[in-house]
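Comments concern the structure below.
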Protein chains: 2
Amino acid sequence: MSSELEVLRDYLQQHGLRFTPERESIVREIFSRHDHFTVDELYLGLRQKRAISRASLYRTIPLLIEAGLISEVFQDSGQTRYEHTYGHEHHCHLRCQNCGEVVEFHEPVLDDLEARVAAEHGYISSGHRLEVLGTCPSCQKKSSLRN
Amino acid sequence: MSSELEVLRDYLQQHGLRFTPERESIVREIFSRHDHFTVDELYLGLRQKRAISRASLYRTIPLLIEAGLISEVFQDSGQTRYEHTYGHEHHCHLRCQNCGEVVEFHEPVLDDLEARVAAEHGYISSGHRLEVLGTCPSCQKKSSLRN
DNA sequence: GTAATTGCAAACCGTTTGCAAACCG
DNA sequence: CGGTTTGCAAACGGTTTGCAATTAC
């Protein structure tokens with residue numbers, strides 16, 4: 001069981017890339033937060049510790065995805081949101097269309113369904129993304145007050 | 001059972017909006033194609049019949065989504081892809097990460113799962129989006145040839 | 001008649017890229 | 001030392017918006 005930094009180091013080495021302090025800081029920052037972040041939020045969070053350009057963030061993110069450390073979660077009004085996934089059980093998202101609140105849930109059934117659907121069409125599956133949309137309890141209250 | 005144009009007309013009327021020839025053409029074009037289109041593809045398709053500005057397309061699409069005629073399918077290298085959904089059974093997508101091929105499939109289990117997951121968190125659900133990712137048969141062959 | 005809609009062109013904004021200096025191995 | 005990485009600023013491309021003319025109702 002290796003840490004995210006070891007995963008990064010190994011990935012870089014295997015691809016003839018370099019382990020730089022910038023890349024280390026980015027991974028540290030990403031694994032210190034537990035939210036669905038945008039590149040800009042990451043930039044602002046990092047800025048307090050070490051100045052890193054947005055360009056480097058944009059260049060690093062594809063590497064981290066390739067290395068299996070993070071993944072795209074969804075699009076939020078034009079911006080992509082990411083989460084760290086390495087070391088975490090796969091999960092899906094339940095999102096309130098009104099306020100944007102996100103709840104994570106785990107449904108083992110989906111793994112079987114993924115494999116079955118893929119097989120039925122001759123595909124080899126490599127993952128799935130399920131988003132359930134709805135209205136959260138507190139937004140339900142708010143809208144019932146308005147009526 | 002009403003047609004897509006009637007749905008459009010009703011939606012517009014109920015919201016104090018106008019039924020224009022442009023909006024009619026857009027809906028006709030969308031329901032004449034059976035693919036996952038981008039705004040630009042729609043623009044090029046329409047252009048042959050009636051010139052409509054991209055601005056009008058961008059302004060009309062949110063209305064059609066609100067009216068329940070179309071929905072976003074997924075992001076494809078920066079562009080949003082849509083499909084017409086009115087009159088069609090809800091389905092999900094199996095996508096090849098290599099060539100982008102998309103297969104649609106229907107899994108009734110997901111409707112139950114959607115309702116159950118939502119209920120468990122006090123949500124009222126309004127839909128779900130599941131994307132299964134993998135490698136299609138023909139891309140599997142290609143990659144086995146390379147090795 | 002009057003408010004909604006259209007097309008145009010400019011603005012917007014997240015993301016990508018060319019380049020020269022800095023730096024990892 | 002050589003090739004990679006960085007930061008900067010400019011470019012890019014999809015989408016949004018202000019405005020004046022047009023049009024649905």
Side-chain angles (χ1 to χ4, degrees), chain A residues 5-6 8-29 36-67 70-82 100, chain B residues 5-6 8-30 36-67 70-82:
Chain A
L5 284 176
E6 290 172 56
L8 173 65
R9 202 186 284 271
D10 290 352
Y11 175 85
L12 294 172
Q13 197 145 39
Q14 282 169 26
H15 291 76
L17 303 174
R18 295 178 183 164
F19 184 79
T20 64
E22 288 82 0
R23 287 173 177 166
E24 177 176 348
S25 298
I26 294 172
V27 168
R28 280 191 192 283
E29 173 69 16
H36 303 114
F37 60 91
T38 62
V39 168
D40 223 62
E41 289 165 358
L42 189 54
Y43 175 72
L44 295 175
L46 271 165
R47 164 169 263 199
Q48 298 164 10
K49 299 151 199 167
R50 155 197 292 280
I52 288 186
S53 70
R54 282 186 176 80
S56 292
L57 289 180
Y58 281 112
R59 282 188 277 233
T60 302
I61 279 179
L63 299 183
L64 303 187
I65 291 176
E66 260 290 302
I70 70 174
S71 34
E72 283 191 30
V73 183
F74 49 71
Q75 293 288 120
D76 180 15
S77 50
Q79 292 178 90
T80 307
R81 290 198 170 270
Y82 305 88
Chain B
L5 284 175
E6 291 171 55
L8 173 66
R9 202 187 282 274
D10 290 351
Y11 175 84
L12 293 172
Q13 197 145 39
Q14 282 167 26
H15 291 75
L17 303 174
R18 294 176 184 165
F19 185 80
T20 64
E22 287 82 1
R23 286 173 178 166
E24 176 176 349
S25 298
I26 293 170
V27 168
R28 280 191 192 284
E29 172 70 16
I30 288 177
H36 302 116
F37 59 90
T38 63
V39 168
D40 222 63
E41 287 165 1
L42 188 56
Y43 175 73
L44 295 174
L46 271 164
R47 164 168 263 198
Q48 297 164 10
K49 298 150 201 168
R50 155 198 289 282
I52 288 187
S53 69
R54 283 186 176 80
S56 293
L57 289 180
Y58 280 111
R59 283 188 275 233
T60 302
I61 280 178
L63 300 182
L64 303 186
I65 291 177
E66 259 291 302
I70 69 174
S71 33
E72 283 189 30
V73 183
F74 50 72
Q75 293 290 120
D76 180 15
S77 50
Q79 292 178 89
T80 306
R81 290 198 170 271
Y82 304 88

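Protein chains get the first letters and strands the later ones, always in sequence-line order, with residue 1 at the start of each.
- B/L17 has its CG atom 13 Å from the C1' atom of D/dC25, to the nearest Å.
- Taking atom CD of residue B/Q75 and atom P of nucleotide C/dT15, one finds them 10 Å apart after rounding to whole Å.
- As judged by a 4.0 angstrom heavy-atom cut-off over every strand, B/T38 is placed among residues making no nucleic acid contact.
- Residue contacts shown for B/P62 are absent, as no nucleic acid heavy atom lies under 4.0 Å away.
- C/dG25 is paired with D/dC1 under the Watson-Crick or G-U wobble criterion, all donor-acceptor distances under 3.5 Å.
- Taking atom CD1 of B/I26 as the reference point, atom P of C/dT5 lies 12 Å away to the nearest angstrom.
- Between A/V27 and the options A/T60, A/I70, A/L8, A/L63, a side-chain contact (heavy atoms from CB on, under 4.5 Å) holds for only A/L8.
- Here the C1' atom of nucleotide C/dT15 and the OH atom of A/Y43 are 15 Å apart, to the nearest Å.
- Each of B/R9 and B/D40 has a nearest nucleotide on DNA chain D; the 5'-most of these lies closest to B/D40.
- With a 3.5 Å ceiling on both atom-pair distances, the Watson-Crick or G-U wobble partner of C/dT5 is D/dA21.
- The side chain of B/T20 contributes no N or O atom lying less than 4.0 Å from OP1 or OP2 of C/dA4.
- As rounded to whole Å, 16 Å separates atom P of C/dT15 from atom CG of B/D76.
- In this model, the phosphate group of C/dT15 is approached by a side-chain N or O of A/Y58 to a distance below 4.0 Å at OP1 or OP2.
- Side-chain contact check for B/V39 versus B/T80: every heavy-atom pair is 4.5 Å or farther apart.
- Counting only N and O atoms by type, the side chains of A/S56 and A/E22 include no donor and acceptor under 3.5 Å apart.
- Atoms NE2 (A/H15) and C1' (D/dT4) sit 15 Å apart, rounded to a whole Å.
- Between A/R23 and A/L17 the shortest side-chain heavy-atom distance falls below 4.5 Å.
- For the OP1/OP2 pair of D/dT5 and a distance below 4.0 Å, the side-chain nitrogens and oxygens of A/R23 include at least one atom meeting the criterion.
- Take the nearest nucleotide of DNA chain C for B/G16 and for B/S56: the residue whose nucleotide is more 5' is B/G16.
- Looking at A/R47 and A/Y43, their side chains do bring a donor and an acceptor atom within 3.5 Å of each other.
- The distance between atom CD1 of A/I52 and atom P of C/dC23, rounded to the nearest whole Å, is 14 Å.
- Of all nucleotides listed (C/dC8, C/dC19, C/dT5), C/dC8 comes nearest to the side chain of B/A55.
- Rounding to whole angstrom units, CD of residue A/E22 and P of D/dT6 are separated by 5 Å.
- In the set D/dT5, C/dT17, D/dA24, the nucleotide with an atom closest to the side chain of A/R59 is C/dT17.
- Nearest to the side chain of A/F19, among C/dG25, D/dT5, D/dG7, sits C/dG25.
- The residue among B/R18 and B/Q79 whose nearest nucleotide of DNA chain D lies closer to the 5′ end is B/Q79.
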For this session: Just do the salt bridge (Lys or Arg N to Asp or Glu O under 4.0 Å) check on A/R81 and A/E72 with the steps written out, would you?
Result: CA-CA 6 Å; A/R81 290 198 170 270; A/E72 283 191 30; over 6 Å; no

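- Contact annotation: A/T80 reaches the phosphate of C/dT15 (side-chain N/O to OP1 or OP2, under 4.0 Å).
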